[in-house]
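Source: prediction; values computed, not measured. Each chain gets a letter, A, B and so on, in the order the sequences are listed, and its residues count up from 1.
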Amino acid sequence: MRIASWNVNSIRARLGALTKWLDAQQPDVLLLQETKVVDDDFPREDLSRRGYSIVFAGQKSYNGVAILAQHPIRNVTIGFHDDDPGADKRLITATIGDLRVSSAYVPNGKDITHPAFAEKLRWLERLREFLQAERARHEQPVLVGGDFNVAHDERDVWSPAQFAGQLHFHPDERARLDALIAAGFFDSFRRFCAEPARYSWWDYRGYTARGNRGLRIDYLFLDQSLEERCKSAGIDAEPRQWDKPSDHVPVWVTID
DNA sequence: ATGGCACCCGGAGGGTGA
């Protein structure tokens with residue numbers, strides 16, 4: 001089973017790139033973030049005719065998450081268990097096969113001095129609590145993929161000196177990823193690759209002129225019980241070179 | 001040193017992203 005996660009930065013603007021990538025890669029499961037579309041306008045036909053079942057939770061203009069699968073999707077949960085009705089659509093969870101999978105879009109935090117930064121930290125804590133609760137509620141091992149908007153260590157930022165203490169690399173954010181790992185979820189990519197400069201996001205501004213100035217902020221964290229079944233993981237940087245690209249690329253994992 | 005692009009909505013240009 002191959003599972004991927006991709007922040008597409010608008011599913012409508014990215015429909016060409018998304019379907020091109022799906023046709024080439026045909027993952028069993030794809031977790032999407034930043035669909036930026038209300039549910040009534042979600043382009044379900046373009047995906048369902050490729051054999052994918054789809055569940056999604058969207059809102060106008062911002063955020064929005066989805067799960068595509070070539071297998072039946074059951075027990076869908078939107079958001080956290082204690083969300084307010086008007087909460088941002090940043091999380092969707094479902095059971096596929098013998099896995100409990102979540103697609104997560106972590107708030108970016110705007111700036112470390114902005115109130116949104118504290119909300120980002122709180123959201124990351126709530127995500128960990130949610131995943132632990134899901135682990136207790138369901139018999140299936142839990143997997144979460146998404147745009148975490150946090151680079152975990154020095155290998156994951158193009159300039160550790162420039163990013164030190166800044167948004168996306170602040171110690172308080174990195175500590176939230178440490179807490180997720182301490183709770184028993186491992187960074188699947190790092191199980192197979194220790195190299196620096198393997199990024200999942202590059203800024204639109206000056207992309208071609210800048211060289212490989214990116215961040216690794218997209219992850220697939222797997223319950224530790226999946227360690228032996230997890231056979232490979234990677235980042236597919238190619239779609240960043242396509243026309244009209246997302247600023248993020250797909251990250252993926254295979255599980256026996 | 002700074003900002004640089006892309007997307008949203010709405011029908012101009014400001015908000016947001018990372």
Name of the residue among V65(A), N63(A), I11(A), I92(A) meeting side chain to side chain contact (heavy atoms under 4.5 Å, CB included) with Q33(A): V65(A)
Matching residue for V29(A) among L68(A), I73(A), I3(A) - test: side chain to side chain contact (heavy atoms under 4.5 Å, CB included): I3(A)
Partner residues of T35(A) under the side chain to side chain donor-acceptor pair (under 3.5 Å) criterion, sequence neighbours left out: none
Q70(A): partners by side chain to side chain donor-acceptor pair (under 3.5 Å), with sequence neighbours left out: Y52(A)
ring-ring contact (aromatic ring centres under 6.0 Å, His included) partners of F117(A), counting only residues at least two apart: H170(A)
Phosphate-side-chain proximity, R14(A) and dC7(B), N/O vs OP1/OP2 below 4.0 Å: yes
P-based separation of dG11(B) from dG15(B) [nearest Å]: 16 Å
Sub-4.0 Å heavy-atom contacts from residues 104-115 of chain A onto DNA chain B, ordered by number: Y105(A), N108(A), K110(A)
For DNA chain B, the residues among residues 143-167 of chain A that have a non-hydrogen atom under 4.0 Å from it: D147(A), N149(A)
Distance (rounded to the nearest 0.5 Å) between F42(A) CZ and L47(A) CG: 5.5 Å
Spacing of W202(A) atom CH2 relative to dG17(B) atom P, expressed in whole Å: 21 Å
Residues which pass salt bridge (Lys or Arg N to Asp or Glu O under 4.0 Å) with E227(A), listed by chain and number, not counting sequence neighbours: R191(A)
